[in-house]
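Below is one structure; the comments refer to it alone.
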Amino acid sequence: MADQTFPLNAWYAAAWSHEITRALAARTICGKDIVLYRQQNGEAVALENACWHRLLPLSLGWLDGDNVVCGYHGIAFNSDGRCVHMPAQKTINPSACVKSYPLIERHRMIWIWPGDPALADPSKMHDFHWNDGTEFVGEGGTYYSLKCDYRLIVDNLMDLTHETYVHAGSIGNDAVTETPFDVTHSRRIATVTRWMNDIEPPPFWAKNLGKPGNVDRWQIIRFEAPSIVVGDVGVAPVGTGAPEGDRSQGVYGCFLAAITPETEKTCHYHWNFVRQFRKDDAELTRQINQAHVNAEGKGLYDQDAFVLEAQQRAIDNNPRLPFYNLNIDAGALWARRLIARMIEDESTGVTGLHSEAAE
Ligand code: FES
Ligand SMILES: [Fe+2]
């Protein structure tokens, strides 16, 4: 498909671990309707969300032990998607089954491989260890549904100059726009690094640092194709060695984004902010969640969501208008190139094996 926007042979965040329980949960991932649940031993399962018989979504049925029972005529499927009970038949039709999708539960998330199950390779799992709750702490993760192409969120996170305009008053200041940055990339990872040395800290960081004076501020944004973005962000008092690698006088954290296409024009946005400072302070965790709320009561997410969904509507309304690229888009451009390469590899049957070798 020439204009396919996402690869299928990749691990995608299906949900935060805490979102999937013994209740049947429907989610569309990369255009595929999926039902998720946990077995009695806690292991998560993902099945095609359309009954083999007459296609009723299985999420409208119920669990009987580890089996899903269809709510229409009672056919039951086990966690492999195989039919194990047909109420009105003496024998089970051997072809009766629904697809089951490979899952990995790691880093407090459930990851799904929507493509060819034979190619699902755990060694291709993304690094998302910042969310483990060990080195960094955070409230565990938020889920948002957004009406935009998932790549618009990648663009947004790979170019933080938008902070100056979209998030003025909390994390945005002129230094972000005025300071040059570096972009590096490998076959699967693109990194944008920006050091803003000897600047006045923006309000959020000034408060959390709790020391007067100028700071060295950094934003090191790591994209892992096709849809993981981790931003290492923080400040340290100017001249205490942060740019050289000594962050001991500073405060920092990571924003974590696992973005999953729902369709070509909608997506699931899994978001967390984890920090390395005052890790036992639950009140601070609560305050950080509130910290970016502006005078209209809108938080960082609302501010971005407003822009991204409006952007998608404009794209839909102006199908012939292209995007123009500026210097600030260099990180996003690399991210999009790496995604395009995965899609290309998939369509030519490279399957990602060569991609790993070339890393
Ligand atoms: S549609 Fe599911 S049992 Fe008939
Ligand atoms: Fe933003």
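Just follow the structure's listing: the first ligand is 1, and inside any ligand the first atom is 1.
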With atoms numbered from 1 as shown, which atoms in ligand 1 lie under 4.0 angstrom from a non-hydrogen atom of Cys70? 1 (S), 2 (Fe), 3 (S)
Considering the heavy atoms of Ile75, write down every atom of ligand 1 situated less than 4.0 Å from one of them. 3 (S)
Centre of Phe77's six-membered ring, under 6.0 Å away, within 45 degrees of the axis: is that where NZ or CZ of Arg82 sits? no
Cation-pi, Phe6 ring and Arg151 (6.0 angstrom, 45 degrees): no
Check: [X]/[Y] side-chain N/O donor and acceptor closer than 3.5 Å:
{"X": "Glu264", "Y": "Gln4", "result": "no"}
{"X": "Asp33", "Y": "Thr28", "result": "yes"}
{"X": "Thr193", "Y": "Asp182", "result": "no"}

For His73, the N, O or S atom at the shortest distance from atom 4 (Fe) of ligand 1 is ND1
Heteroatom N/O/S of His53 within less than 2.8 Å of atom 2 (Fe) of ligand 1: no
Near the Fe ion (ligand 2), meaning under 2.8 Å, how many protein N/O/S atoms are there? 4
Phe128 vs Trp16 aromatic rings, parallel, tilted or perpendicular, using cut-offs 30° and 60°? tilted
What I'd like to find out is whether the side chain of Leu338 reaches to under 4.5 Å of the side chain of Arg187, using heavy atoms alone. no
